[in-house]
2 protein chains.
Amino acid sequence: MSTKKYVYLFHEGNAQMRALLGGKGANLAEMANMSLPVPPGFTITTEACLAYYASNGQFPEGLDAQIKPALAVIEAATGKKFGDPVNPLLVSVRSGAQASMPGMMDTVLNLGLNSETVQALATATQNERFALDSYRRFIHMFSNVVLELSKDDFEDLLSAIKRKQGIHFDSELSVDSLNKVIQEYKALVKRLTGKDFPEDPQDQLHEAILAVFRSWNNDRAIFYRKNNNIPDDWGTAVNVQSMVFGNMGDDSGTGVAFTRSPSTGEKALFGEYLMNAQGEDVVAGIRTPLPISSLAQDSPEIYQQFLQISSDLEAHYHDMQDIEFTIEKKKLYMLQTRNGKRTAAASIKVAVDQYHEGLITKEEAISRIEPGQLDQLLHRRIDDKAKLEVIAKGLPASPGAASGQIVLDVDEAERRGNAGEPVLLIRPETTPDDIHGIMAAQGVLTIHGGMTSHAAVVARHMGKPCVCGCESLRIDNTKREIVVSGLRFKEGDSLSIDGATGQVIKGEVPMIDPELSDEFKELLTWADEIRRLQVRANADNPVDAQKARDFGAQGIGLCRTEHMFMDPARIPIVQEMILSQSLEERKVALAKLLPMQEEDFYGILKAMSGWPVIIRLLDPPLHEFLPRAEDLLVEVTRLKVTGDNPEELRSKERLLGKVKGLMESNPMLGHRGCRLAITYPEIYAMQVQAIFQASARLVKEGIEIRPEVMIPLVIHVNELAKLRKLTEETAEKVMQENGVHFPFEVGTMIEVPRAALTADEIAEVADFFSFGTNDLTQTIFGFSRDDAESKFLKDYLNQKILPVNPFAVLDRGGVGKIMRLASELGRSKNKNLGIGICGEHGGEASSIEFCHIIGLDYVSCSPFRVPLARLAAAQAAINQR
Amino acid sequence: MSTKKYVYLFHEGNAQMRALLGGKGANLAEMANMSLPVPPGFTITTEACLAYYASNGQFPEGLDAQIKPALAVIEAATGKKFGDPVNPLLVSVRSGAQASMPGMMDTVLNLGLNSETVQALATATQNERFALDSYRRFIHMFSNVVLELSKDDFEDLLSAIKRKQGIHFDSELSVDSLNKVIQEYKALVKRLTGKDFPEDPQDQLHEAILAVFRSWNNDRAIFYRKNNNIPDDWGTAVNVQSMVFGNMGDDSGTGVAFTRSPSTGEKALFGEYLMNAQGEDVVAGIRTPLPISSLAQDSPEIYQQFLQISSDLEAHYHDMQDIEFTIEKKKLYMLQTRNGKRTAAASIKVAVDQYHEGLITKEEAISRIEPGQLDQLLHRRIDDKAKLEVIAKGLPASPGAASGQIVLDVDEAERRGNAGEPVLLIRPETTPDDIHGIMAAQGVLTIHGGMTSHAAVVARHMGKPCVCGCESLRIDNTKREIVVSGLRFKEGDSLSIDGATGQVIKGEVPMIDPELSDEFKELLTWADEIRRLQVRANADNPVDAQKARDFGAQGIGLCRTEHMFMDPARIPIVQEMILSQSLEERKVALAKLLPMQEEDFYGILKAMSGWPVIIRLLDPPLHEFLPRAEDLLVEVTRLKVTGDNPEELRSKERLLGKVKGLMESNPMLGHRGCRLAITYPEIYAMQVQAIFQASARLVKEGIEIRPEVMIPLVIHVNELAKLRKLTEETAEKVMQENGVHFPFEVGTMIEVPRAALTADEIAEVADFFSFGTNDLTQTIFGFSRDDAESKFLKDYLNQKILPVNPFAVLDRGGVGKIMRLASELGRSKNKNLGIGICGEHGGEASSIEFCHIIGLDYVSCSPFRVPLARLAAAQAAINQR
C-alpha cells in the first residue's frame, strides 16, 4: 500500500492548498514561493490529522518516514542539525486549520532542546541566560500542551523561586535560578507522570505532533467551531518550522502589523512591535509595544524591507493582510500572513478603496463584505472604547444598543417613554398587547422567549434593540425590582442592553450613532447594478416606509395590518368588534374602524408613491386582541374567594367565558389568517374598502399608487378565489363611487405546506405569491418557534442534529425544497406570477442567496436590513454566475 | 346554432345514462327497453337544468321545440291528447337527479287538468268524484310546488269545508264539496298571485318544468347534497310521464316492493300495497297497507306478473331492486325501479347470496358493500325497535351505543366502573389524564370538542361509544347535575348515547350485540384473496391485540406507549421522572418504570406472536402527564387570598412553576416525540431496553416475535440516525446479556412535512415508514384539529371551501401529494423500505384506496375497523385494476 503524501515542504505548497495545509501552512508556502524571508519548514497535512482520528489516535502510518527527509531539508537550509550537540536545530510545532481558529489549538516552541542542546545553544548564541530561559519555557509549554499537565503547578513553582530570589519579572531570573527552575520542572514532571521529561528531540517532535492533532478536539476548539459553523471533520494541519528568536538581544524583536487599519480601513501600515522579545511577551502585556512607525527611526532598513513586503503581500493577495514577523539579529523573518479581520466599516472602506486602486473588481469588492457584519453599521451601538460592567447575557435578538431607566409595566413604559424619558422595558415576555410600550421604549429585555419570540420579531421590525431569553434575570413584582447575578435594580435605575451581543450592562453606556458612509453608499450602488432580486421592506406605517425608501427599498413587501389594530385608541373598538353577538353589532364596530384604516393606508401608499405596497389583511387570531385568560382567571378566583364585588365578578366571568371560547390549543394552527374571513367576511371587506377608498383619494390627488392586497394563510384555492372576488367587487364599487380608476393586485402568502403543494391551483387566481417563511418553517418542521427556541432547539444545535437555527437561516433541504416546488408549480400555471419572500429570512444573506437561486422576484425585510439585502442579493448574483 | 338534445323518449335512453337522465329517468328508459309495462313518457336532461341555471333561470332555448314531438309520441301511444277536451292526456312531472335524493325535490301529478279536461276525465272514467278529486289535488300541488304558495292556506281551506260538511277524511268529500273546494282554491290563487290559475296545459307543463329545475336549489336539496357529498353542479333531470291511476276503484292500487329484505337481506319479495289509492295515500298512513304477499290472494295474475318482473329486474340489474308500481283497472304499470337501499347486514347477505346464485362475481359482491356502513355491525347498537326519548344531539364521535348512570368525575367513573356498575362519563372535555375513567365507563359524552378531540380519538380507539361537542348540555357542578333541554339529571340517573348518530337519550335503551355473520366472514375471506394492502391494527394492550387478531389483523401497526404511562399506578412515577432535577434522579424514576414497561411489551408481543408489532416510543409532550396549569392557578390564587395554608401554597406554587415551565404556546408543535429523546435520551433508552428484555424472555420461551421500534415526529435524518444507534446498542447489549438472538427493525413515523420532503435521506437509516396522517394533516393544513373542528372547519364545509373534513377523509391534493412524494423518495434510496399508515385515515375507505394507489404496504387502524379496512383494501384493488 503506497502511503499518502502527508508532508509538504513550504516550497511544495501554495495559498490555494488551505484545505490540505491549513491557512497558516498554505500562506507560509505562498510566502516561501514569493522568496520572502520565511524560516524553512514543512507542513503535515490535515489528512494526516484525519488519519490519526480514523485510526483512534495512532500516529499515521508512513508519516515518520516522510518527516525525516523534510527535516533534512530544513537542516541543510539552516546549517543546523536537529538534536545536534554542537549546532542544534530548534523548531516550532504549530496547528493551523483551514479556517482561522485563533488561539483555539496548541503550539510548542523551542522544540529540540534538552540538557545537551541547551548548552550548545548557549555556546552558539553566547547567551547562556537566553538558552536556559528558552529551555525553561519549552519544558513549561511541552508539559502543558503535550503532557497535559496543569499550567498552574509550573507557575506556582516559578513564583516560589522568584519569591525566594526576591524578584518580580521572569526576565530578572538569574542563570542559577533558571537552572534551578529547569531542575524542579523536570522533577515535577517525573512526579506527576512517573516518567522523565523526554530528552530525545525525535520523541519530542513525535509527541508534539500528536498533541496538535489532539488539540483539534479540545473543548474550546469544539466550542469555537460550533459558534463559527466550522465542520468538525476538517482536521488541523501541523506546521514544523525552524525557530527564529526575537529575544536574542536588542537587535532582535517581534511584531504584528496590518496593511490597513482594521478599525477604519484607512490605508496605512498599522501595527506594533517589541525589541528583544518573543510573541508571548507582547501578549503578556508586561512591556508596552511600540507603534510600527517607530521602527522607521529604530531600524530604517528593516522598516523599508517590511514596508515593501507588506505592500507586495497586499498586491499578491489582493486583500488587506495581517502579518507576523520576527527580527533575529537584524534579520527580518516572516512568520505568518493572512487576510486581516476587520470591522464592518473597515471592510467596506478597504474594498471600495482597493477597487479604486485597481486591485480588485466591483464584484470582488462586493464579495469581500460579510453581510452579517453590517448590522453593526445600521444600528446605534456601544462605543468600542467604553468599559462595560456586564451583569447578564441573553439572546442577541435585535441589534443596536440602548440605555434607559428600568420599567416593568407596559403602560408606564408608554407614558414615560412618550414623555421623553429614556426607558428600558423589562418583561417576562411580550405579547401583541405590549406593542405600544415597546414602541415608546429605547429597548426591550425579556426573560423568556427566543430569537423569534414576539418581542424579538417586533423589535427587529422596529429596528429597536432587544435582548431576549435572559433567563438568569428575575422580576420581583412585589418590590418592583429585578434581580440578576445577586444584584438588585429598582424601577428607575439605569441599565443598558446590547442587542448585537445579548449583553445586559449596568448603568448607562456611551453610544455611537449609525450612518451609511460614502463608501458604503457607493458599494450599494454597485450591488444594485449587479443584483437581479428586488429588495422591498416590511413596514406598517409612513415613518417606517420613509426609512425603507431612504435605505433603498423598492416598495413594501409586507405591510401588516394587525399592528394598526393594536393602537391603544382602537383596541376598545377592536374588542367591541370581536365580542359582538351578531353580524349587525360587528358591522357597527367595523364601521368605526373603517376611517382609521383608511388613514393608515392613505399614509403608507402616499409615502411609497410609485412603488408597490403589499398590504396583508388581518392575520392573528382574535383572542390576541383580548385580555389574557390567565389574568382573568386569577381575578375571577380572587373575586370569588373574597366575595368583594359580585357585580364585577359576574362581568369578569362573562369576559373570561368569551376569552376562553376564543382560546385555542394551538393558536399558531388555529382560527387566524384568511380563516377569519371565511367565518367573518365583513372584517376583510372593511379592510379592502379602506385600502381602496385611500387609493381613490390618492388618485384624485394625482399621486401614483400601486396597492396589492395579500391574503394570509391560504391552504386551498377556494379561499383565495372567494376573497379575491370580495376584493374585486369592493374595488369595483369604490371606483364607481369615486369615478376613478386605479390598478391593484391580489395575491397570497404561501406559508402553509398545503398552499405550496397546491401552488399550481392557487396561482390561477393569484397575481403574486409571497413566501411567509416564518410560518412555513414552523409548519414544515412542526416547530412552534417560541417553544422550540426556549425548549429544545439548543439541544438540536449542540448535538448538531440541525446545522443551524432554521428560523435564522432558511432550511434549504426542507423549507427550500417546498419553496422551489411551489415556485415551479405556480409559474407553470401563471407565467406572470410575481414571487417574493417576506419572512425574516428575507434579511439574511444565505436565505437571500437561495431566493436568488430559485428565481424569486424579490425579498422583503425590515427597513434596517435593506442595505444588507441589497448587498447579499448582489453577492448571490455573483456567486451563481 | 344547433340546439343540444334536451329531450329523450324513454326508449331512447338506458340505465347507463344516469348522469344525463337522472337515476329515475335512466331506469324508466331501461325498463321501457325491457318491454316492461311502463307508462309512456320522456326525460328532460340534467343539461337542460344546467342551461336553465347558466342563463339565470331562462327556459332553455329550443327545449319547447323538442317537448312537442315527444308529447306527440306519448299521445300516440296512449291514444289521448294533451289538453284534449274529450280524451285528455294527463302527465306527471317529476324530478330525478343522478344520485337518489328521496323527497328533496318536487313533483307535480295530474298535470293537464283544467275546467274542460276535468269533465272529459269524469266522462272517460265514468267517475266524476275521481276526476274532481284529481283536479283538486292537482291545483293544491301545482299551487304549492310551482306557484310557491304555502300549503297551509290550502289545507286550512279544505279543513274548513270538511268541518262545514261534518266529515273527517278527504275521501268522504262529496262531488259538490269538491267543486266548492276547486272553486275556492282557484279564488285563493287569484287572491294570492293576482292571476288566474293557469288553464292552458302547455303553460302548466312549462311552469312545472321550471319549478322542478328550481327545486334543485331549494334549501332541503342543498342541505341533503352537502350531507351526502353530492356535487351542486349536477342538476336534475325532469321526467314527464303519462299518468296512471291507482285510485280508479277497487281494481286499482299502488305499492312498493323490494326484491329482497332491505333489513336482513333474506331472499323474498318484501313490500306493501294499497288498493284504490295513490302513492300519497300510502305515505299519509290513513289506511294500513297490506303486505305484498296478500296480492297473491287478491289478484293472483297480477301478483305472478309482478313476481316475474321483479325477478327479471334483479337478474337484469344484478342487484336487489326497490320497485314502485301502480295497478290501474287490473293493469300493472311499473313506475320506478332502483337499487334498493339496505342495512349493512342486508347488504352483505344479498351480495354473498347473489354470488352463490351466480348473479354476481366475488369482486362485484365486494364492491357492493359501502364500507362506511359496516360500523353498524361492529358495535353494540340500539335496538331498531326501541322508542327513544332523544334529549340532545352532539357529534357522532365513536360508534356504538351505551347506557349507564351519569358520573361527572373521572376517578369516580373509574371506581364505580371497575366495581361493575355501568356508568356514563360526562365531562366538559377530556384530557389524557381521564383515560382510566374512560376505560371504566360504558361510554363518554362531552360538551366541547370535535370528532377528533381527545375523547373521540381515545374512544374510537377503545371501540367505546362517544358523543362529543354536545354544546346544548350544561354541567352544574355545584348541584352535581346536568341540564339539557330544560331537564335536569342528577349523578346516578340513567342516560344513553348513540355514538353512531350523536343522540343523547333519556334512560336506558335496549341494545343489540355486534357479531360477524357467516356471510360477513365469507365476504372478508374473498376480500383477503383480492387485496394487496396488508391490514394491521392500532392496539396498546394484549386485550386489544387479541381483538385485532380475531378481526383478522396482520400485526400491530401502532402500539402507543403513552397510554401505558397514564396508568394510575404509574402516573406518580412518571411525574417523579418528569420533575427530576438531574439526570440521576430521572434515571431512578425510569428504573422503576422499566419492569412495568417490560411487562407491557411482553404481553403484546406474546399476543401477536409471529406477527410484526410496531411499538412507538413516547410521543406526547411531558406536561400532559402533569396537573393542568389552570387548575393549579385557581388553587394558588385561592390559597393566596385566603392565606389558609402557607405550606400548601408554597408547594402548589412550586408545582405550578414547573408546570408553567413545561407549558407551550403550541404543544402540537412543541417538545414531544423524538424531541424528548434528543433532550432526554434516557427515556427512550429505558423503553427500548424494556422492549428487548421482553423480547429476550419470549425468545427463551420459544415464542416467535417481531418487534419493530418506531421513532415519532422525526424531521431530520440525524434524529433517526442517533436514536437508531441507541436502539441497536441496547438490543446488542440485551442479546449478549441473555445469550439469545431476536430480529428487530427500526423505523419512523412520517408525520411532519420535513420528514416527507427529506424521505430519501431518512430512508437510508429506516427499515420502515409509517405515515402519521393525523399530524401530517394538521401540519400540511396548518390546522390544529381540535381548534379547527370546534372553531372554523364547519364554515369551510358549509361554504364548500373544502369538500370534506380532511381529518376524516385523507386529502389527496395536499397530504396525499406529499405522501406519494415521500414514498417515492424513500424507496429510491431503500428498496426494502416497508411503508404503511397508522393515522385514523387507515380505517377509512377512500383513504385506504389512496394508500393502495400510491403503493403502500399496509394500513393500520383501530381493531374494530379491521374488517372494514380488509374490505376497503379489496375494493381498492378491484377499482384500480
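Note that the coordinates shown come from a computational prediction; the quantities given were computed from them, not determined experimentally. Protein chains get the first letters and strands the later ones, always in sequence-line order, with residue 1 at the start of each.
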Would you mind telling me which of [options] has the largest number of heavy-atom pairs within less than 4.5 Å of chain B?
| options | answer |
| --- | --- |
| A/Ala755, A/Gly670, A/Ala756 | A/Gly670 |
| A/Ser784, A/Gly814, A/Ala629 | A/Ser784 |
| A/Thr758, A/Ile818, A/Leu821 | A/Ile818 |
| A/Leu676, A/Val641, A/Leu802, A/Val636 | A/Val641 |

Any idea which of [options] has the most non-hydrogen atom pairs under 4.5 angstrom with chain A?
| options | result |
| --- | --- |
| B/Pro753, B/Gly673, B/Ala788 | B/Pro753 |
| B/Asp775, B/Ile780, B/Val717 | B/Ile780 |
| B/Glu761, B/Lys660, B/Lys640 | B/Lys660 |
| B/Gln778, B/Glu751, B/Arg638 | B/Arg638 |
| B/Thr679, B/Asn718, B/Asp787 | B/Asp787 |

Toward chain B, the part of A/Asp644 with a non-hydrogen atom under 4.5 Å: neither
A/Leu757 versus chain B, the contacting section by heavy-atom distance below 4.5 Å: both
Under 4.5 Å from a heavy atom of chain A, the part of B/Leu793 involved: neither
Over 12 non-hydrogen atoms of neighbours within 6.0 angstrom of NZ in B/Lys725: no
Side chain [X], main chain [Y], donor-acceptor under 3.5 Å:
| X | Y | answer |
| --- | --- | --- |
| B/Asp795 | A/Ile678 | no |
| A/Lys791 | B/His671 | no |
| B/Glu719 | A/Ile801 | no |

pair B/Phe781-A/His716: side-chain heavy atoms closer than 4.5 Å: no
Side-chain heavy-atom pair B/Asn666, A/Leu669 within 4.5 angstrom cut-off: no
Approximate separation, where rounding is to 0.5 Å, of B/Phe783 CZ and A/Arg675 CZ: 5.0 Å
Check ion pair A/Asp811-B/Arg754 (N to O, under 4.0 angstrom): yes
